2 protein chains.
Amino acid sequence: MNFFQEKAVTSSDKTFFQLREEIVEGHISAGSKLSEVELSTKYEVSRAVVREAINRLEACNIVERKANVGARVVTLTSEGLLELYQIREALEGMAARLAAQNMPDAEINQLSSLLKGQQDEVKQRNVYYQEAGDLDFHYRIIVGSQNQQLITMLSNGIYHLARMYRVQLGMTGPRVTTAYDEHIHIVRAIANRDGELAEILMRRHIQYSKNNIAVKLSNMK
Amino acid sequence: MNFFQEKAVTSSDKTFFQLREEIVEGHISAGSKLSEVELSTKYEVSRAVVREAINRLEACNIVERKANVGARVVTLTSEGLLELYQIREALEGMAARLAAQNMPDAEINQLSSLLKGQQDEVKQRNVYYQEAGDLDFHYRIIVGSQNQQLITMLSNGIYHLARMYRVQLGMTGPRVTTAYDEHIHIVRAIANRDGELAEILMRRHIQYSKNNIAVKLSNMK
DNA sequence: AACAAATAAATTGTCGACAATCTTATTATT
DNA sequence: AATAATAAGATTGTCGACAATTTATTTGTT
């Protein structure tokens, strides 16, 4: 999962990563309460480190906390999804534009050949790709923007929330191949140093995947 | 200062607000170390609450922390400023567009009349306005976007960082009146429900104020 | 004197206990 | 029986102490 390599040096780090994974992957269900004592016995650490982990999750918008009451995992709503993808569209659209300006040729070539390497697998067997491949792609472009604050924002917060939505709505399905083609076009625009086009294509790309998820969400109710 | 009313219910909240203010206002200088014991004696609370406050500041990108070493106030750089305003441009541009779609008429009128009320003071005496007035303006438009995640992002993190830059670079000066006129035009676009124009104007407005600050920053070195 | 190793000091990370607050259950009153 | 007041239970917030790690100082060796 982690391209942005996060090493857990402290015990609190480890607990934070574990908790985040369990929530994002849906093993701890949305809306459920996070009891400090319960979690501290479960992970065999003190309440203090659980507390710190929960605080960090709150900063990521993965849990909500009320003073003297406790923390709950956020509940997924279609409004929340829309809001999240609006933000992604704005930020990653910008990232694509900046990447067209700033991304080193070496990184662009690397990304380009990475995509080519996936081509056969994607076109023939329709499996895979959506999860790790998509995330990897987006992350590389964010890094290519060379805006450090943007990198932090997305890799600390937004991506995990977005993944939580996708995972819990059971994202598979037929979007795989068209997404691949969109990726190809975006990289081409970046390689041509056409920031304007790169932004437009990236925004479209995110809109599509938003619609894809929104359909599933409306089917669930 | 706080339009987004933040009530300190817990002791940790209060410490967090105090610390943030001291840093943003420059009483604790950029780049300086934050000792947990030192601060706990200063604010007369336990180390645990100081720790929690520092963790929150870290989540806001106001301090940086290394495990087993400690936390330092971030250092202001021209690159950091550029990055921050790039993000603001994207997010607040979007907010202006969304506000043109979603902001209730009542709120628009309220904002409009607020600006008119400031007109005389701004045009005659060239003083004031930049600080609280500008922040209030931007915040109202963010709220008008009705994107909750966006509101959280900006009012928890970005605005305080942006303010830190402005305060510590001694923002006063002749930008006051032109900023006022820009605000007027943005509100007009929103009132006309012209999202496209509102976004363009907002982006320009932020670019201008970025340039204004960047000049000061380059003069300092 | 210069460098390396060992020791000491200081700082952060973790823990268990107590205090304050909220939630639930019980009792009292109408 | 229904509602309000009170008490009991459970959960979070805060604290001081100890452990682990880093940094500074001292000591030892060449």
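All of these numbers come straight from a predicted model, not from anything done at the bench. Numbered from 1 within each chain, the chains take letters A, B, ... in sequence-line order.
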Among [options], the one nearest [X] by side-chain distance:
X	options	answer
E36(B)	dT12(C), dT14(D), dT12(D)	dT12(C)
V45(A)	dC15(C), dT12(C), dC22(C)	dC15(C)
N68(B)	dT14(C), dG13(C), dC15(C)	dG13(C)
R51(B)	dC15(C), dG13(C), dT14(D)	dG13(C)
A67(B)	dG13(D), dG13(C), dT23(C)	dG13(C)
V49(A)	dG13(C), dC22(C), dC15(C)	dC15(C)

I'd like to know if the side chain of N211(A) reaches the main chain of Y208(A), judged simply by a donor and an acceptor atom lying under 3.5 Å from each other, with no hydrogens or angles considered.
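Not at all, since once roles are kept as given, no pair shorter than 3.5 Å links the two residues.
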Rounding to an integer number of Å, can you tell me how far [X] [atom1] sits from [N] [atom2]?
X	N	atom1	atom2	answer
E44(A)	dG16(C)	CD	C1'	16 Å
D13(B)	dG13(D)	CG	C1'	11 Å
R47(A)	dT12(D)	CZ	P	7 Å
Y43(A)	dT14(C)	OH	P	16 Å
E52(A)	dC15(C)	CD	C1'	13 Å
R72(A)	dT11(D)	CZ	P	13 Å
N55(B)	dT12(C)	CG	P	12 Å
R65(A)	dT12(D)	CZ	P	8 Å

Short side-chain N/O contact to [N] OP1/OP2 from [X], under 4.0 Å:
X	N	answer
S46(A)	dT14(C)	no
S35(A)	dT11(D)	no
K33(B)	dT12(C)	yes
T10(A)	dT12(C)	no

Between S12(A) and V69(A), which has a closest nucleotide on DNA chain C that is more 5'?
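Nearest nucleotide further toward 5': that of S12(A).
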Answer with yes or no whether the side chains of H160(A) and N61(A) bring together a donor and an acceptor at under 3.5 Å.
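No, no side-chain donor-acceptor contact under 3.5 Å.
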If we check side chain to side chain contact (heavy atoms under 4.5 Å, CB included) with I62(B), which of these qualifies: L19(B), I54(B), L57(B)?
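With I62(B) as partner, L19(B), I54(B), L57(B) yield a single side chain to side chain contact (heavy atoms under 4.5 Å, CB included), made by L57(B).
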Categorize I54(B) for me: base, sugar-phosphate, or nothing, with a 4.0 angstrom heavy-atom threshold over every strand shown.
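No contact.
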Got a sec: does the CD of Q101(B) have more than 12 other heavy atoms crowding it under 6.0 Å?
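Yes.
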If I take atom CG from residue N102(A) and atom CZ from residue R97(A), how far apart are they, to the nearest 0.5 angstrom?
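Here the interatomic distance stands at 10.5 Å.
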